[in-house]
Every structure is written in structure tokens, then in C-alpha cells.
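Heavy atoms only: backbone and side chains are in, while hydrogens, waters and symmetry mates are out. Since this is a predicted model, take the numbers as computed values, not measurements.
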Protein chains: 2
Amino acid sequence: MGALAMPTDTKTALLDSAERAARSQGFDGFSYADLAEDVGIRKASIHHHFATKAALSVAMMQRYRLGLESACQQIDDTYTSGRDRLLALVGVYRDALRGGKSLCLCVSFSASRASLHRDVIAEIKLFRLMMLKWIATVFELGKSDGTIRAVSDPEREAAATLSLLEGAQLAARAEEDMALYEKALSLLLDRTH
Amino acid sequence: MGALAMPTDTKTALLDSAERAARSQGFDGFSYADLAEDVGIRKASIHHHFATKAALSVAMMQRYRLGLESACQQIDDTYTSGRDRLLALVGVYRDALRGGKSLCLCVSFSASRASLHRDVIAEIKLFRLMMLKWIATVFELGKSDGTIRAVSDPEREAAATLSLLEGAQLAARAEEDMALYEKALSLLLDRTH
DNA sequence: GTCTATACAGGGATAGAC
DNA sequence: GTCTATCCCTGTATAGAC
């Protein structure tokens, strides 16, 4: 924000690089060698900060979850209607796509399940629970303030919406075509007014 | 179907094994060594049938697409209402999940995009196009025969439905919990009668 | 069409010096 | 906290015998 540029510490630089790589290449698509080159240290040095790749992955997913949690909080602070909060959420997932080159970390990790440590899977579960809970409150509000049409059960709306957002990201990234994301989301957005 | 059990040729056995593995482990989660052990030949012998892993992947995706295409055709032959065809489609994706242990091949491949040959990506694109076109006809019918409620634009319904199906699979597989699939799909199914 | 043997690149991880 | 050097494993792919 308005702050002076801080010298980024190595640990944070590693997390940043790993997140970028994982979100664009998939969990199996990045290596210690890639990270080392990107950050500018030798790959052996990475183990000083993260003993294993599993530990790194858990840290990534944890940081990502807390980041989205505060993004949701900020949406709540900025917008007051269900409609506006839903639009903001759709915008967050749109931005995460980065023009069809990147996925939400949760989507990226979910797909590579075979290579994931159980602790990472636990973090993924926490992430979805957090999102589902928050999205349900958005529909709850949209129902009561009348800015989202035809809301029956907010909890089921949340489940459908999260799947829709994640599925639309997957399709749009596969063909690097943002129009696929917009088309998949358009009927949901039509329900706001 | 009623035919006697045919001795499966090696090439088909390889495709079967690769598809099982890719759908449960992800694209980067299976190797020639795994296939060799599963099929009962040496890994060098696989190259006789598929020169490279890219060639194998293209063959897998092609066969998968043709298989789903004929599944859609069979749904059309069996069911006559939009409602019943939509229910059958949701059933196909539910079965593909195999209790939360397996994904649609298209979802599995889409997520590992970094490691995919361009020919495989082209096949993925063909797959989604085919499905979108067919799902749109289902909504078209459901709209005209009145068995699916509140259908505005069948094309956008198709885009939303495919994303929903794929996203719901991803979530359900991540936690091996079929209830997540059912919950995500329940509002859509409520629209049928 | 399948085998053995091997090449070669890349992965994650460790030991020990500085 | 970072380095060099190295280990061991696994990945895809190839050569050539049978």
C-alpha cells in the first residue's frame, strides 16, 4: 500500500515464487531447482527454510487461505449489499485467473491430489470450508436485502457457486480464454439486480 | 454387452490402465513403470505401442471423448424429456467420480496443463466443445417440453452446467466425499420436474 | 512384440565447509 | 543462511538381441 518498498526476506520470496509456479504449472510442475533460480539462491538452501516440499506446500496453502479470508473480510468492509459482495467475489476469482494463465491455488492443488501430503489436504479442506461459510452469508444477505434473485437455500447456493467458480477457472485456463469464465458465470450474475 | 469376454489386446490394456491412473492420480501421477507393472509387460515395450507419453495422452483423450460422445447419444436414445436427460448427465459425472477416488479425464488433464503436449490440449478443447453443444440441446429440450424450470439461454446454461459438474467433481475428489458433489448439484436438480 | 540393458535428465534431500 | 558436492531415486526414451 502506501508503505516504502520493504526488502523481501528469502522465506517470503520462496513462498511467492512457489505460489506463482504452482498456480500456473500445477503442483507437480515446479521444483526446488525452479524456485532456486527464480529467487536467486541454490536449491540446497531452500531446505533451510522449508525442510521438505510437503512443509512448503502446507505453508503455501495456509498463507493462501488466510489471504483469501482477509480478502473476504475486506469485501464485507467495502460493500454492503449481497449483490455487490457477490460481484466482488466473482472478480476475485477472475483476477486470480490472470488472463487464463493461472488458477486459484486450491484448484491447482486439488487436481494433483496423488502427490499431496495429508497435511496439505487438510489445509485444502479448511480453505473450502472457510469459503463456503462466507459465500453462504453473501447469499443470506442477498436474499434478505433483495439484491440476489431466487435464493432458496444459501448453503446449497454456496456449494454450487464455489464449484461453478472453480470449474469455470479450470475451463478458462485450459484454453487460456477468459470468455469461457465470463460465459459460465453470466447466468449467476444475471440473478443480481 | 452380451458378447463373450474377448482377450484384451495390449494396446487397449495400456489405454485402460493409463486412464484409470490418470483419473485417480493426475497426469503427472502415473508413469511407464506403473503401466508396465499393471499390464504385465516391461516398460520399454510400451514404446512399441505409444512412442511417447504425449502420443499416449492424445490417444487417451481421443478415446475418452468418443466414449462420452456415445454415452450422450445413448442418453438421447433412452430418455425423451429434458429433465431425464439432465438427470442422466449428472449421473454420468457422479459415476465417473467412483466414490470420490477418480475424476473425469478432462478435469484431470486440464489441471496439469503445464506438462501437456499441444495436441492433447487440442483434444481437451474438442471434448468441451462436444459436451457444451450436447448439454445446450438438453436445456433447449427442457425449455420447450417444460421439464426444466427457468431456462433462459441454453448455451449459457450449458457453460454454467459443465463448469458446475467439473468443479463439483474436483471438490468431491479432494475430500473423497460424494456428499459435496450432491450438494453442489442439488439446486440445479431442483429445477427439474 | 517383447525382452535386457542402458542412457540421460530431473526430482528431493543430506553432509559438511564457510 | 548460504554454499558446493553428492546421493539415490524415478522419470522418459533408445539400442539391439530374441
B:R65 side chain to B:E123 main-chain N or O, any donor-acceptor pair under 3.5 Å?
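It does not hold such a pair.
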
Under a 3.5 Å distance rule, please check whether A:E69 uses its side chain to pair with a backbone N or O of A:M130 as donor and acceptor.
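No, A:E69 side chain to A:M130 backbone: no donor-acceptor pair under 3.5 Å.
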
Check whether A:L187 and B:I148 end up in the same hydrophobic cluster, where Ile, Leu, Val, Met, Phe, Trp and Tyr are linked by side-chain heavy atoms less than 4.5 Å apart.
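Looking at the clustering, B:I148 is in a separate group from A:L187.
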
What is the distance, rounded to the nearest whole Å, between atom NZ of A:K53 and atom C1' of C:dG10?
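My rounded result for the distance is 12 Å.
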
Determine, for A:K143 against A:E157, whether the closest basic-nitrogen to carboxylate-oxygen distance falls under 4.0 angstrom.
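No.
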
Does anything in residues 41-51 of chain A come within less than 4.0 Å of DNA chain D? Heavy atoms only, and list the residues if so.
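Listed by number, they are A:I41, A:R42, A:A44, A:S45, A:H48, A:H49.
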
Identify, residue by residue, the members of residues 20-35 of chain A with a heavy atom below 4.0 Å from DNA chain D, and return them in order of residue number, or none.
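Residues of residues 20-35 of chain A that come under 4.0 Å of DNA chain D do not exist, since none gets that close.
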
Are [X] and [Y] packed together at the side-chain level, in the sense that at least one heavy-atom pair is separated by less than 4.5 angstrom?
X: A:H117; Y: A:K53; value: no
X: B:W134; Y: B:I75; value: yes
X: A:F127; Y: A:L105; value: no
X: A:R83; Y: A:D145; value: no

In terms of ring plane angle, is the pair B:H47 and B:Y32 parallel, tilted or perpendicular, where the classes change at 30° and 60°?
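Ring orientation of B:H47 relative to B:Y32: tilted.
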
With axes from five pairs an end, tell me the bend angle of the helix from C:dG1-D:dC18 to C:dC18-D:dG1, nearest 10°.
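Answer rounded to 10°: the end axes differ by 0°.
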
Just N and O in the side chain of A:T52: are any of them under 4.0 Å from OP1 or OP2 of C:dG12?
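Answer is no, no contact under 4.0 Å.
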
Give a yes-or-no answer on whether the side chains of B:S110 and B:R128 include a donor-acceptor pair shorter than 3.5 Å.
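Checked: B:S110/B:R128 side chains pair up, N/O donor to acceptor below 3.5 Å.
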
